[in-house]
Amino acid sequence: MRDFDNNDGHMIFGGMRAETIADRFGTPVYVTDENLVRENYRKIYNAFSRHMDTVIHYACKANTSLAILRILEQEGSCIDAVSIGEVLTCMKAGFQPARILYTGTSVSSSELKMVSDLNVPINIDSVSELERLAKMRTDIPISVRITPGIGSGHCDKVITGSEGSKFGIPMDAAVRTYGRALELGFKPVGIHAHIGSGGYTAEPFIETVSILADLTNQIKDEHGLDLKTINMGGGFKVPYKPNEPEMDIGEIADAVTDIILNETSVKTIALEPGRYIVCDTTLLLTRCNDVKRSGTKNYIGVDAGFNTLIRPAFYDSYHHVAISNKFNKACEGKYDIVGPICETGDFLARDRVLPVPEEGDVIAVYNAGAYAFSMSSTYNSRPLCKEVLVKDGNAELIRESENIEDLWRHQIIPKRLL
Ligand SMILES: *Cc1c(COP(=O)(O)O)cnc(C)c1O
């Protein structure tokens, strides 16, 4: 897990005291260090590109903030988008349509029409989608998402590649789906699988790429089609706990590029990291409102709940926490960190050993860059919070918080009720 410098008991993030950022912008606030986004992107790109031509499709559902998309656009990234909304957001951030790959599931014909009208390459999720797209146009690049029968992920909710999954086309129907695509007039350029999110070991990735390599060769034998790209999806794990080992991205890159280079004539590997690029670049800063003892429990009540960060409540995810203004104080007790949402399931962290907390302390929640702001909600009528970007000691607002009027904006009270 990435940790941060300690300056005389104060946590330093992006060259600033975390506390200063909280004081200046208010809490709760998500704070991203631009240098870390660039560092993570380069690390994963370099691991693969030293072996073969590599295209990174940043899976933007992890974090769709325009400023962060701009950083990745500058780095040369491409995009994995799962909705028309993500496609339009990435175009707004400056990505040309050809740099976006749309991978929908349960795709409506109207969305398919909008995406294809924008000339965005499409990764086909079902035969139904293929047939419907063929009636619109066949002159855009397509690939096919395969379900390889391998699942990997940090919990059941995020495994996508197992047999019987709702995602993609079953392995045994893959070759004939390419045949059908050719019959309809498409010229498919790639093959794709994404098996889940948060996998740690190299094996599931190696197995997946082996299957895609085999299928690529069968497609060539049966249909004479040379695919240009094998896309191994995303799902690279990031450590969330202090002593958890880091995944060896180099080992995965070495193994999968070796398979592609030795077993196929494919020249390009694509991958779709989301979490890996943004997760540990961001802290959620939240202020202690309230300290309470109840039964055997000690509670720290903060101003961010599952409206702001849903992962602990939704997936039982572990996020490391620290009191940023007591960064070198001894830990004295065990605390649950809970939010302002009126549900017992509203917690950010449980049973954490921390220094004695006081009202006003600034709690830093680690690894809050992926599936964090992008999954936040306005439940309990709490407007969405701010986002800040820091770089070398400078902090800039990249998203204003919503206000209560934003929550009313699209509602209509019928006249007869007035
Ligand atoms: C969500 C998703 C990813 C990214 O998963 P991470 O675990 O964030 O790397 C990649 N590809 C597709 C198709 C996805 O839906």
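As the structure is a prediction and not an experimental result, all values here were calculated from the model. Numbering of residues begins at 1 and proceeds along the displayed sequence. We count ligands from 1, going down the list as the structure has it; atoms in each ligand are counted the same way.
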Q.
If the threshold is 4.0 Å, N to carboxylate O, is there a salt bridge linking Lys166 and Asp125?
A. no
**Q.** side-chain hydrogen bond (donor to acceptor under 3.5 Å, both in side chains) assessment of Thr20 paired with Arg24
**A.** CA-CA 6 Å; Thr20 307; Arg24 188 180 314 162; over 6 Å; no
Q | Identity of the nearest option to atom 15 (O) of ligand 1, non-hydrogen atoms only, from Lys61, His194, Lys237, His192 | A | Lys61
Q: With heavy atoms of Ala59 as the reference, note each atom of ligand 1 found under 4.0 Å away.
A: 3 (C), 4 (C), 10 (C)
Q | Heavy-atom nearest neighbour in the protein, as seen from atom 7 (O) of ligand 1, with distance rounded to 0.1 Å | A | Ser197 OG, 2.3 Å
Q: Can you sort out the partners of Val82 under side chain to side chain contact (heavy atoms under 4.5 Å, CB included), two or more places apart, ordered by chain and number?
A: Lys61, Asp80, Glu86
Q.
Show me which atoms of ligand 1 lie under 4.0 Å from any heavy atom of Gly234.
A. 9 (O), 10 (C)
Q.
Heavy-atom pairs closer than 4.0 Å: do any link ligand 1 to the side chain of His57, the backbone, both, or neither?
A. neither
Q. For Gly274 and ligand 1, does the shortest N/O to N/O distance drop below 3.5 Å?
A. yes
Q: List every atom of ligand 1 that sits less than 4.0 Å from any heavy atom of Glu272, numbering the atoms from 1 in the order shown and giving each element.
A: 3 (C), 4 (C), 9 (O), 10 (C), 11 (N), 12 (C), 13 (C)
Q: Return the orientation label for the Phe4 and Phe13 ring planes: parallel under 30°, perpendicular over 60°, tilted otherwise.
A: perpendicular
Q | Atoms in ligand 1 with a heavy atom of Gly235 nearer than 4.0 Å | A | 5 (O), 6 (P), 7 (O), 9 (O)
Q. Which pairs pass salt bridge (Lys or Arg N to Asp or Glu O under 4.0 Å) with one or both residues in residues 314-327, sequence neighbours excluded?
A. Lys326-Glu358, Lys326-Asp361
Q | Ionic contact status for Glu246 with Lys43, cut-off 4.0 Å | A | yes
Q | Under 4.0 Å to a heavy atom of Tyr371 - the qualifying atoms of ligand 1, by number | A | 1 (C), 4 (C), 5 (O), 6 (P), 8 (O)
Q: Please could you name the atoms of ligand 1 that Pro273 approaches to less than 4.0 Å, counting only its heavy atoms?
A: 9 (O)
Q) Closer than 4.0 angstrom: is that true for some heavy atom of Ala62 and an atom of ligand 1? A) no
**Q.** Salt bridge present between Glu183 and Arg180 (N-O < 4.0 angstrom)
**A.** yes
Q. Do Arg2 and Asn40 have side-chain atoms, one donor and one acceptor, less than 3.5 Å apart?
A. yes
Q. Under a 4.0 Å N-O cut-off, is there an ion pair linking Lys297 with Asp351?
A. yes
Q: Return the residue, atom name and 0.1 Å-rounded distance of the protein heavy atom closest to atom 12 (C) of ligand 1.
A: Asp80 OD2, 3.3 Å
Q: Can you sort out which atoms of ligand 1 are near Arg275, meaning under 4.0 Å from one of its heavy atoms?
A: 6 (P), 8 (O), 9 (O)
